[in-house]
Each structure stands twice: as structure tokens, then as C-alpha cells.
There are 2 protein chains.
Amino acid sequence: MLARVSSTPTFRRLPRAVREQQMLDAAVKVFSRRGYHGASMDEIADDAGISKPMVYAYLGTKEELFVACLHREGTRMMQAIADVVAPDLSADERLWRSLQAFLGFVGAHRDGWAVLYRQARGEQPFAGELTALRRRIVEVVAGMLEHTLRSEGREVTETDLEVVAYALVGATESVADWLVDHPEADPEQTATRMMNVAWVGAAQLLAGISWRPPARRGEASS
Amino acid sequence: MLARVSSTPTFRRLPRAVREQQMLDAAVKVFSRRGYHGASMDEIADDAGISKPMVYAYLGTKEELFVACLHREGTRMMQAIADVVAPDLSADERLWRSLQAFLGFVGAHRDGWAVLYRQARGEQPFAGELTALRRRIVEVVAGMLEHTLRSEGREVTETDLEVVAYALVGATESVADWLVDHPEADPEQTATRMMNVAWVGAAQLLAGISWRPPARRGEASS
DNA sequence: GCGTAACCCTACGCACGAGTAGGTATGCTC
DNA sequence: GAGCATACCTACTCGTGCGTAGGGTTACGC
């Protein structure tokens with residue numbers, strides 16, 4: 001009955017693929033702002049300019065929707081890195097480009113990625129989904145280190161490698177968080193700073209220089 | 001009317017201070033297992049062997065309860081570190097002892113601390129509480145680095161210091177997460193591995209060795 | 001031994017938000 | 001321009017879980 005006085009002349013009726021992206025955009029935005037539990041499906045639907053049953057019809061339950069967000073953003077991020085890293089580059093060049101790409105991506109998607117990522121860490125249902133992504137990253141980093149080490153004829157245990165990789169990844173995530181909280185900061189410069197910590201340290205390790213705990217009283221300093 | 005066939009002969013009626021600790025113990029346990037939202041006040045009360053209104057009477061709302069948990073565990077952790085770090089130690093000794101204490105603490109409180117910490121990062125209401133704690137840690141680390149740098153007559157910007165400190169803290173947290181997920185791992189050995197990454201890198205920085213981005217095509221390598 | 005304060009309970013109100021039932025309009029095909 | 005699939009809506013149900021009302025019981029001072 002009521003004439004629609006919308007700015008868009010005819011009541012838009014969009015194809016599924018388009019609406020799905022709009023919904024995901026809205027979902028990422030709302031999840032970021034409110035957190036997983038704080039976000040309501042009503043608000044997401046509203047923000048996407050659509051009604052709730054549509055969201056259920058296209059993307060499923062709230063949990064599935066969140067996983068879909070995680071998936072899309074995660075894939076985009078991995079892609080952003082893959083786009084700039086060629087396998088024939090030197091180790092430090094690869095690390096440098098990855099950091100640049102990663103922090104650049106986070107800087108450009110402050111609302112999207114980082115907060116989504118922060119969200120997912122706590123929530124049980126997504127821990128799996130998330131650690132899978134994280135594991136892929138850790139493996140890439142560990143592989144990189146290992147390859148370089150092996151090529152220099154040095155031996156390391158699996159565990160050593162894993163811990164170092166975790167440290168590197170954690171450091172980068174932490175810096176990414178810092179970046180999100182400092183909108184004025186430049187991603188590229190931040191990447192340089194990060195590289196200073198990561199590579200300078202890693203290079204030492206690769207060179208075989210390591211730190212040993214000081215001998216305690218009564219212990220022989222073998 | 002019903003005779004209480006409890007194992008404890010007389011129906012225990014404990015002083016407030018004791019009950020509060022029991023409640024906090026239960027809360028930490030349940031929050032850790034289920035996450036903030038997943039945990040119900042009923043379950044916490046039940047686990048503490050008390051009824052819900054008691055929890056409200058003593059510790060307040062769910063949010064306040066969680067903050068109380070965060071506070072207690074956070075203080076304990078800071079204390080564990082403060083106990084082993086003397087200000088007259090050398091920088092690397094301080095860092096080493098802090099790492100040992102921190103990872104030792106996390107190792108001993110796998111259920112308690114780390115999961116609680118993971119929880120808090122996502123949830124809006126506690127982001128403040130948490131970043132305050134985190135900031136204190138970052139400041140300590142940054143202060144440590146700055147002091148050492150200054151004592152060698154070198155200058156650094158506030159921001160450089162902050163980013164490096166964030167990276168260090170993030171790396172450590174990440175390794176702590178790894179530790180929680182690997183019950184068989186030895187905290188002490190993990191601390192050594194962590195020290196290898198952190199200190200070897202930091203020592204280079206302190207010595208003035210830094211990494212510079214490679215000049216790109218068309219750019220002058222000033 | 002009696003008042004009073006602290007400890008402790010059962011049982012509910014109530015809001016909020018996930019998910020759905022059932023129906024309407026619009027474009028597309030032939 | 002009839003038929004059909006698909007986009008889309010309003011208006012509900014219903015579970016869950018926070019927080020509380022109101023009342024019972026034990027210790028402790030005097």
C-alpha cells in the first residue's frame with residue numbers, strides 16, 4: 001500500500017551472489033564492532049539492507065556465517081601474501097615481502113581482519129578453524145627457516161623450528177594489533193621495524209649464533 | 001526436614017573471604033573451559049558448591065566476576081615475575097628470568113591463565129582491562145630496552161621502542177599459547193628457545209645493527 | 001537463651017536473540 | 001501474458017541464562 005519513497009527508484013532485487021557479498025561485508029563489519037556474541041543477526045541483516053530470513057537462506061546459521069567471514073577474509077589475506085612472494089627469492093626478501101603484504105593488508109582492512117581475528121581466538125567453535133589457518137602460516141614460516149638452515153648444512157629439531165616459527169608469527173600478529181590501534185601509523189614503516197626484530201634475530205640463528213642460559217651456582221658450565 | 005547425608009558432617013558455613021576464593025577458583029576454571037559467554041553463572045555457582053545468589057552477593061555481575069578473575073590471575077602473574085627480577089641485574093639476565101618466570105607460571109596454570117587471557121582479548125568489555133595489563137608489560141619491556149640503549153649513548157624514537165616491545169611481548173604470548181597446547185613441553189626449555197629468538201635479535205639491535213629495506217628499482221639507495 | 005547479623009537457599013521474572021512459518025512480489029522464459 | 005522459480009518480507013516461537021525477590025538457618029555476642 002505504502003508507496004516506497006526510496007532513493008533507489010525500484011525496489012532492488014539482486015542476484016544471490018551479489019547479496020551474499022553484501023551480507024558478508026555487513027557481517028564482517030558488525031562482528032568486528034560488536035564481537036561474535038555481541039553481534040545480532042538482526043543487526044547484520046539490517047546493515048546489509050536485507051531481512052533476517054534472507055541471511056539464513058543464503059549463509060546459514062550465525063556460526064556458519066562467522067566461519068564464512070573468517071574464510072573469506074583469511075583467503076584474501078593469504079592471497080595478498082602469495083601475490084608478492086615468489087619461491088625463487090632469497091629468504092630475507094621473502095620474509096620482507098610477506099611482512100609488507102601482511103601488514104599492508106591489515107592496515108587496509110583494520111575493521112575487517114584484525115578484529116575478526118582477535119574475536120576468533122577466544123571462541124571455542126572457531127578455535128579449530130582459526131588454528132588451522134594459523135598452522136598453515138606457521139608451517140610456511142617454519143619451512144622457510146628450515147630450508148635456509150638445511151641449505152647451510154645445519155641441523156635443527158622439529159620442535160626448535162616450531163617454537164621459533166610461533167614466536168615470529170606471534171610477534172607479527174601482535175604488531176598487527178598495534179597497527180590496528182594506531183591508525184596514523186604507516187604499515188610499510190611498521191613492516192620495516194618488524195623486519196628489524198625478526199630478521200636480525202633470525203639471521204643470527206641461521207648463522208649458528210645462539211644464546212645459552214647462564215650456569216647456575218653449583219652447576220658445571222659444560 | 002530431610003536429613004542431610006553429606007560427607008561433611010555439619011552443613012558448612014564458611015566466612016566470606018574463603019568462599020570468595022572458592023568462587024574465583026570455580027569461575028577461572030569454568031571461564032577457561034567454556035569461554036566467557038559459554039560459561040553460565042549457574043555452572044560456576046554449582047562448581048563452587050554454592051548457589052547463584054551467593055555469587056551475585058559477593059562478586060557482583062558476570063562481567064564484574066570475570067574482571068575479578070582477570071585481576072587476580074594477572075596480579076599473580078606479575079608477582080611471579082617481580083619475585084625473580086632484581087633491578088640490578090643485567091638486561092639479558094632480567095629478560096631471561098622474566099621469560100622463565102612467565103612461561104613457568106603459564107605452564108603451572110595452563111587452565112587458569114592462558115585460556116583466560118585468550119578469552120579476554122576478543123570481548124569488548126574487557127579489552128580495556130586487558131590492554132591495561134598488557135600495556136604495563138609492554139612498558140616494562142620498552143623501559144628495559146630503552147635503559148640499555150641510553151646507557152650506550154644510542155638514540156631511538158618512542159615508536160620504534162614501542163613496536164619492538166610489542167613484537168617481543170606478542171612473541172612471548174604466542175609461545176605461551178604453544179606451551180599450553182603442548183602439555184608435554186618443558187617450560188624452562190621453551191624459555192630458552194624463546195630467549196634465543198628474543199635476545200639474540202634484541203642484542204643486535206642494541207649493538208646498532210639494523211636491517212634496511214632493499215632499494216627498489218628506480219629508487220636511489222641513499 | 002535470645003537478638004541480630006551473616007550465610008545460604010528455592011524459585012521465579014524477564015529480556016534478548018536465534019531460527020522459522022507462511023505468504024507476497026518480481027523478473028525471466030517461452 | 002501465463003507459469004515458475006527466485007528474491008524477499010512480516011511476524012511469530014521458544015530456549016536460554018542473567019539477575020532477583022523473599023525467606024530460611026546457623027553462629028556469635030551479651
Side-chain angles (χ1 to χ4, degrees), chain A residues 1-6 8-27 30-31 33-69 119 123-126, chain B residues 1-24 26-27 30-31 33-69 119 123-126:
Chain A
M1 243 318 51
L2 197 59
R4 227 166 243 280
V5 205
S6 168
T8 45
T10 163
F11 187 44
R12 300 195 303 167
R13 207 178 169 76
L14 300 173
R16 177 164 185 155
V18 177
R19 270 278 133 85
E20 276 182 349
Q21 291 309 310
Q22 291 179 347
M23 288 177 190
L24 285 174
D25 291 340
V30 176
F31 280 136
R33 215 186 350 241
R34 307 247 191 255
Y36 176 70
H37 288 281
S40 78
M41 293 299 267
D42 290 270
E43 185 177 355
I44 291 170
D46 200 55
D47 197 281
I50 216 75
S51 81
K52 202 166 41 154
M54 278 278 88
V55 181
Y56 280 89
Y58 285 175
L59 278 328
T61 73
K62 189 180 185 182
E63 202 169 308
E64 290 166 339
L65 175 60
F66 190 81
V67 171
C69 290
Q119 287 306 323
E123 311 299 332
Q124 249 77 22
F126 318 117
Chain B
M1 249 319 54
L2 196 59
R4 227 165 244 280
V5 205
S6 170
S7 53
T8 46
T10 163
F11 186 44
R12 299 197 304 166
R13 209 177 167 74
L14 299 173
R16 177 164 184 155
V18 177
R19 274 282 190 254
E20 276 181 351
Q21 292 308 311
Q22 291 180 346
M23 289 177 189
L24 285 175
V30 177
F31 279 137
R33 214 185 353 241
R34 307 248 191 254
Y36 176 71
H37 288 279
S40 77
M41 293 299 268
D42 291 87
E43 184 177 355
I44 291 170
D46 200 56
D47 197 282
I50 217 73
S51 81
K52 202 166 42 153
M54 278 278 88
V55 182
Y56 280 89
Y58 286 175
L59 277 329
T61 72
K62 187 179 187 183
E63 201 170 309
E64 289 166 339
L65 175 61
F66 189 82
V67 170
C69 292
Q119 287 306 323
E123 311 299 334
Q124 249 77 20
F126 318 118

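In the text below, chain A, chain B and the rest are named by the order of the sequence lines, each starting its count at 1.
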Those residues of residues 57-67 of chain A lying under 4.0 Å from DNA chain C by at least one heavy atom: A:T61, A:K62

So is A:K62 actually on top of A:Y36's ring, under 6.0 Å and inside 45° of the axis? yes

Would you indicate whether the side-chain heavy atoms of A:L59 and A:E20 approach each other to under 4.5 Å? yes

Please tell me if the side chains of B:Y56 and B:M41 come closer than 4.5 Å, counting only heavy atoms from C-beta onward. yes

Rounded interatomic separation in angstrom, taking [atom1] from [X] and [atom2] from [N]:
X	N	atom1	atom2	answer
A:Y56	C:dG19	OH	P	4 Å
B:D42	D:dT20	CG	C1'	13 Å
B:H37	C:dA18	NE2	P	12 Å
A:M41	D:dC14	CE	P	20 Å
A:R19	C:dT26	CZ	C1'	13 Å

Would you name the heavy atoms of [X] and [Y] that are closest together and state the gap between them?
X	Y	result
B:Q119	B:F66	CB-CZ, 4.1 Å
B:A26	B:I44	CB-O, 3.7 Å
A:R16	A:A57	NH2-O, 3.9 Å
B:C69	B:A27	SG-CB, 3.5 Å

Looking at DNA chain D, which of residues 45-54 of chain B put a heavy atom within less than 4.0 Å of it? B:K52, B:P53

From CE (B:M54) to CZ (B:R19), nearest 0.5 Å: 8.5 Å

Is any N or O donor-acceptor pair between the side chain of B:R13 and the base of D:dT25 shorter than 3.5 Å? yes

